[in-house]
Amino acid sequence: MRKIWNVEAGGLEGAYFISGNLYLKGGVYNGPKNNYLDVNGTKDVLFKAGYSGNIQKTGLYVYLKRDREERRTFLSGFYLDLRADRFIFTVEPLYVKTDSINSLSFYAQAGYFVLENTKMLARIDVDIPDVDSTHSRATRLSAGVVRELNDHLKLYLDFVRNLGADSNEAILQLQCVW
């Protein structure tokens, strides 16, 4: 068992490892996680329980936040990420309650590493912004390539088909993670 605490300009987060693979994490933030500016004078809270094995990561989380208009939002969900050899499969449903609106979203993606640092992905996203309305649904299908340039930079090229809006997009993105 070990504890890890991380203090950052945006808040405080901690992890407690129950065993080598099972952990609990929690945090209090000034605004959205990884946002270094206090956006509203209230604090956001995150709780997560997870398991990390040889080929999978899975977990549950709860996130409570307030936005600039002081609306309270409750998010909860779980995730499953399987990585065996060169294959990837990820699924994550999310429930969101903001004041009187209940929404659901879901994504599933499958991928394959064509090279050691290049993977191809196919993904489906379904958003139901108001579960009480039968006409509020958005579905996107996407396919793309991700190239990991080094430990900190990733280049994404995605083609997205928005089924509800009957539109297409091509997205080129450079992501930096430190």
Side-chain angles (χ1 to χ4, degrees), residues 10 29 31-37 39-40 42 44-46 48 50 55-150 152-178:
Y29 308 98
K33 185 172 174 3
N34 298 328
N35 181 358
Y36 296 108
L37 300 175
V39 296
N40 58 13
T42 62
D44 298 342
V45 179
L46 170 71
K48 182 180 190 179
I55 65 166
Q56 89 280 359
K57 290 181 183 179
T58 188
L60 303 165
Y61 58 89
V62 174
Y63 187 61
L64 304 168
K65 68 176 190 162
R66 287 190 183 186
D67 62 14
R68 293 177 196 247
E69 288 80 34
E70 296 297 317
R71 288 181 300 198
R72 293 185 186 125
T73 303
F74 170 82
L75 297 92
S76 64
F78 75 89
Y79 59 91
L80 174 64
D81 185 41
L82 300 172
R83 295 174 184 245
D85 295 322
R86 300 175 76 106
F87 295 95
I88 301 166
F89 178 73
T90 307
V91 63
E92 184 173 354
L94 174 67
Y95 168 76
V96 180
K97 178 169 180 53
T98 302
D99 294 331
S100 62
I101 299 174
N102 297 314
S103 63
L104 294 171
S105 64
F106 169 84
Y107 84 86
Q109 72 180 7
Y112 180 74
F113 279 90
V114 292
L115 299 171
E116 183 178 336
N117 57 358
T118 304
K119 60 187 166 190
M120 296 179 70
L121 295 170
R123 178 175 168 137
I124 182 169
D125 291 89
V126 177
D127 294 317
I128 305 170
D130 185 353
V131 295
D132 297 324
S133 172
T134 58
H135 301 291
S136 64
R137 178 170 296 191
T139 303
R140 291 175 304 284
L141 302 174
S142 59
V145 177
V146 179
R147 171 85 175 176
E148 296 173 4
L149 303 173
N150 58 36
H152 304 290
L153 294 173
K154 293 181 182 180
L155 183 63
Y156 290 80
L157 177 59
D158 290 311
F159 299 97
V160 180
R161 173 78 175 141
N162 294 305
L163 297 179
D166 195 27
S167 66
N168 298 314
E169 298 176 81
I171 302 168
L172 180 62
Q173 174 186 18
L174 180 63
Q175 184 181 75
C176 180
V177 178
W178 230 267

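Note that these values count all heavy atoms, side chains included, but never hydrogens, waters or copies made by symmetry.
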Per side chain to side chain contact (heavy atoms under 4.5 Å, CB included), Tyr63 is matched among Leu94, Thr73, Leu46 by Leu46
Residues that Gln173 engages under side chain to side chain donor-acceptor pair (under 3.5 Å), provided they are two or more places apart: none
More than 12 heavy atoms of other residues, nucleotides or ligands under 6.0 Å from CZ of Phe78: yes or no? no
Does Phe89 have any ring-ring contact (aromatic ring centres under 6.0 Å, His included) partners at least two apart in sequence or in another chain, and if so, which? none
Those residues at least two apart in sequence (or on a different chain) that pass ring-ring contact (aromatic ring centres under 6.0 Å, His included) with Phe87 are Tyr112
Using the test side chain to side chain donor-acceptor pair (under 3.5 Å), find all partners of Glu169 that sit at least two apart in sequence or belong to another chain. Asn162
More than 12 foreign heavy atoms under 6.0 Å from NZ of Lys119: is that the case here? yes
Which residues share a side chain to side chain donor-acceptor pair (under 3.5 Å) with Asn150, sequence neighbours left out: none
CD1 of Ile55 to CD1 of Ile88, rounded to nearest 0.5 Å, is 12.5 Å
Which one of Leu104, Val96, Ile101 satisfies the side chain to side chain contact (heavy atoms under 4.5 Å, CB included) criterion with Val131? Leu104
Under the side chain to side chain donor-acceptor pair (under 3.5 Å) test, residues paired with Ser76 that sit two or more places apart: none
Within a 6.0 Å radius of atom CG on Asn168, are there more than 12 heavy atoms belonging to other residues, nucleotides or ligands? yes
